[in-house]
Number of protein chains: 2
Amino acid sequence: MILFDMTKKILSEAQEDYLKQIYFLTETLPLAGTQALADKLGVAPASVTVMIQKLGDMGLVEYEQYKGVRLSDSGLAAALELLRHHRLLETFLHQALGYGWDEVHEEAEKLEHYISETFEARMAAWLGHPSRDPHGDPIPDSNLKFPLHPEETRLIDHLVGFEGRIVRVGTQDRDELNLFRQLGLVPGATLSVLEATDDALRVQLNKEPYLLPHSLAQKLWVEKESL
Amino acid sequence: MILFDMTKKILSEAQEDYLKQIYFLTETLPLAGTQALADKLGVAPASVTVMIQKLGDMGLVEYEQYKGVRLSDSGLAAALELLRHHRLLETFLHQALGYGWDEVHEEAEKLEHYISETFEARMAAWLGHPSRDPHGDPIPDSNLKFPLHPEETRLIDHLVGFEGRIVRVGTQDRDELNLFRQLGLVPGATLSVLEATDDALRVQLNKEPYLLPHSLAQKLWVEKESL
DNA sequence: CAAGTGTTTTAGTCATATCTAAATTATTAT
DNA sequence: ATAATAATTTAGATATGACTAAAACACTTG
């Protein structure tokens, strides 16, 4: 006899934000540390400790004193649900309401906590169930599985001679996004790598050569030109 | 020298909900009472007292002990801003995302607190700056002035022989909305009053006669058929 | 106009989520 | 291996917004 549906979440905005940042930090590291979380969330480390203890009691994270936290299965589901909300919202704001790609993040950041499952479903349908948001970031499907993009690679990993198409611009920073946009470095743009130096990449973009510092090239994902 | 922009509000969801209910209650009465607010908001009277004291300190309401509250100018502006958000959202959810008119209220109730001014403006533009929401309720314009609908009258006030068009269905109750919809009593429908009894109105709607209890007729606003 | 009834306010608690300062644990370097 | 440094946790406080119980006020009725 099921007394409570554990899949149904009643989480506060703060709790969801913690889960989201734990998700991002544990994409690279095995555990998310207290200090790192405090930095990302803009709160004091002591606040993080208290909150992750609570999230641990709720079964959303696995927490080891002085070590760090990782998401549990239910915590991961909550984080992915939130990520789906965020990226669908970004796409919808861009496509339906004409938001610039530098404007979508801030609005989605707030609304992601408050839209219903109905809203999520209707946005997805309106958009034709997109698999990427305006920056090219993948959108988990309604079962919270990521779409497969097996050809996606980091521009920085490629050698001279590579030709392909930008599929993803990995930053949320408005100034940086505007810079990418200014340079034409947006999803769909085609480029080839002309030369690689220690701290930059010379690329050809729409017939024009550009010198692309590693700091920027690092944030671009590409696919080999197919067809 | 202006230190703070008092027009820019940083109100909590709870505070906004109080202002909204004070607004609705003072549409009919000169002051909103503690008990009435408690009922509308689903909280204890003691909680209302504390909150309206705080809103009074913030200059959003005029509060007299044991008498009740009314909105100040800035409180009214905040309430109307919220009402604009709510009704634009209802219209947008209906028009853009295909929400039924019985579904829009609940979603708008939450989102109204969290959308930006940008979102408000883009919705309004997308919709062509509508002056009514899906139920026919008027939407304050961007200066928070209500659109003029001088011909709008209550169906209940009309005599036998009246012919006109429904412009507004004044309820948020889902079951009641579905009933109105079932009967074809929606904004735009034309009807005429055939007969008036003590507790009901016989009306003709799309060639079909209906017996409309006062409890329902009370909630309909109409305009005389122009053109 | 005084008494009783019902509404409103005050007082004291609780839960959430934050903070600072102090104490504790872990890591790094000598 | 120990001492210094850095990260983490605990303890105690604050703000918001809710609660219950008790006190204060206002209205209505005899």
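Chain identifiers are assigned alphabetically (A, B, ...) following the order of the sequence lines, protein sequences preceding nucleic acid strands; residue numbering begins at 1 within each chain.
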Specify the separation, in whole Å, of atom [atom1] of [X] and atom [atom2] of [N].
X: A:Gln15; N: C:dT18; atom1: CD; atom2: C1'; result: 14 Å
X: B:Glu64; N: C:dT8; atom1: CD; atom2: P; result: 14 Å
X: A:Met58; N: C:dA15; atom1: CE; atom2: P; result: 15 Å
X: A:Glu13; N: C:dA17; atom1: CD; atom2: P; result: 10 Å
X: B:Tyr66; N: D:dA26; atom1: OH; atom2: P; result: 7 Å
X: A:Ile52; N: C:dT16; atom1: CD1; atom2: P; result: 17 Å
X: B:Gln53; N: C:dT9; atom1: CD; atom2: C1'; result: 7 Å
X: A:Tyr63; N: C:dT25; atom1: OH; atom2: P; result: 12 Å

(message) My understanding is that only residues two or more places apart in sequence, or in another chain, count here; which of them pass ring-ring contact (aromatic ring centres under 6.0 Å, His included) with B:His105?
(response)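 Scan of B:His105 (ring-ring contact (aromatic ring centres under 6.0 Å, His included), adjacent residues dropped) gives B:His86.
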Any heavy-atom pair between the side chains of A:Arg122 and A:Thr118 that's under 4.5 Å? yes
side-chain contact (heavy atoms from CB on, under 4.5 Å) against A:Ala44, all qualifying residues, sequence neighbours excluded: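 A:Ser47.
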Those residues at least two apart in sequence (or on a different chain) that pass side-chain contact (heavy atoms from CB on, under 4.5 Å) with B:Gln15 are B:Leu11, B:Ser12, B:Met51, B:Lys54, B:Leu55, B:Met58
| message | Between B:Ser142 and B:Arg84, does the side chain to side chain contact (heavy atoms under 4.5 Å, CB included) criterion hold? Intermediate values first, please. | response | CA-CA 8 Å; B:Ser142 59; B:Arg84 175 167 163 81; 3.9 Å; yes
Taking for A:Gln65 and for B:Val48 the nucleotide of DNA chain C with the nearest heavy atom, the one nearer the 5' end belongs to B:Val48
Give me the ring orientation class for A:Phe92 and B:Phe92: parallel if the planes are under 30° apart, tilted from 30 to 60°, perpendicular past 60°. perpendicular
- From A:Gln65 CD over to A:Thr49 OG1, what is the distance, rounded to the nearest 0.5 angstrom?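 Those atoms lie 8.5 Å apart.
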Phosphate contact (D:dT10 OP1 or OP2) by A:Thr49 side-chain N/O below 4.0 Å: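 Indeed not, no polar side-chain atom of A:Thr49 lies that close.
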Salt bridge check: are A:Arg87 and A:Glu112 linked by an N-O gap of less than 4.0 Å?
no
Mind running a 4.0 Å heavy-atom check of residues 20-40 of chain B against DNA chain D and sending the residues that fall below it, in number order?
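By residue number: none to list.
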Quick one: which protein N/O atoms are closer than 3.5 Å to N/O atoms of nucleotides 18-22 of chain D? Pair and distance per line, please.
| from | atom 1 | to | atom 2 | distance (Å) |
| --- | --- | --- | --- | --- |
| D:dA18 | OP2 | B:Tyr18 | OH | 3.2 |
| D:dC19 | OP1 | B:Ala44 | N | 3.4 |
| D:dC19 | OP2 | B:Ala44 | N | 2.8 |
| D:dC19 | OP2 | B:Ser47 | OG | 2.4 |

Validation: residues 127-134 of chain A side-chain donor-acceptor distances under 3.5 Å, sequence neighbours left out:
| from | atom 1 | to | atom 2 | distance (Å) |
| --- | --- | --- | --- | --- |
| A:Arg132 | NH1 | A:Gly136 | O | 2.7 |
| A:Arg132 | NH1 | A:Glu152 | OE1 | 2.8 |
| A:Arg132 | NH2 | A:His149 | ND1 | 3.3 |
| A:Arg132 | NH2 | A:Glu152 | OE1 | 2.9 |
| A:Asp133 | OD1 | A:His135 | N | 2.8 |
| A:Asp133 | OD1 | A:Gly136 | N | 3.1 |
| A:Asp133 | OD1 | A:Asp137 | N | 3.0 |

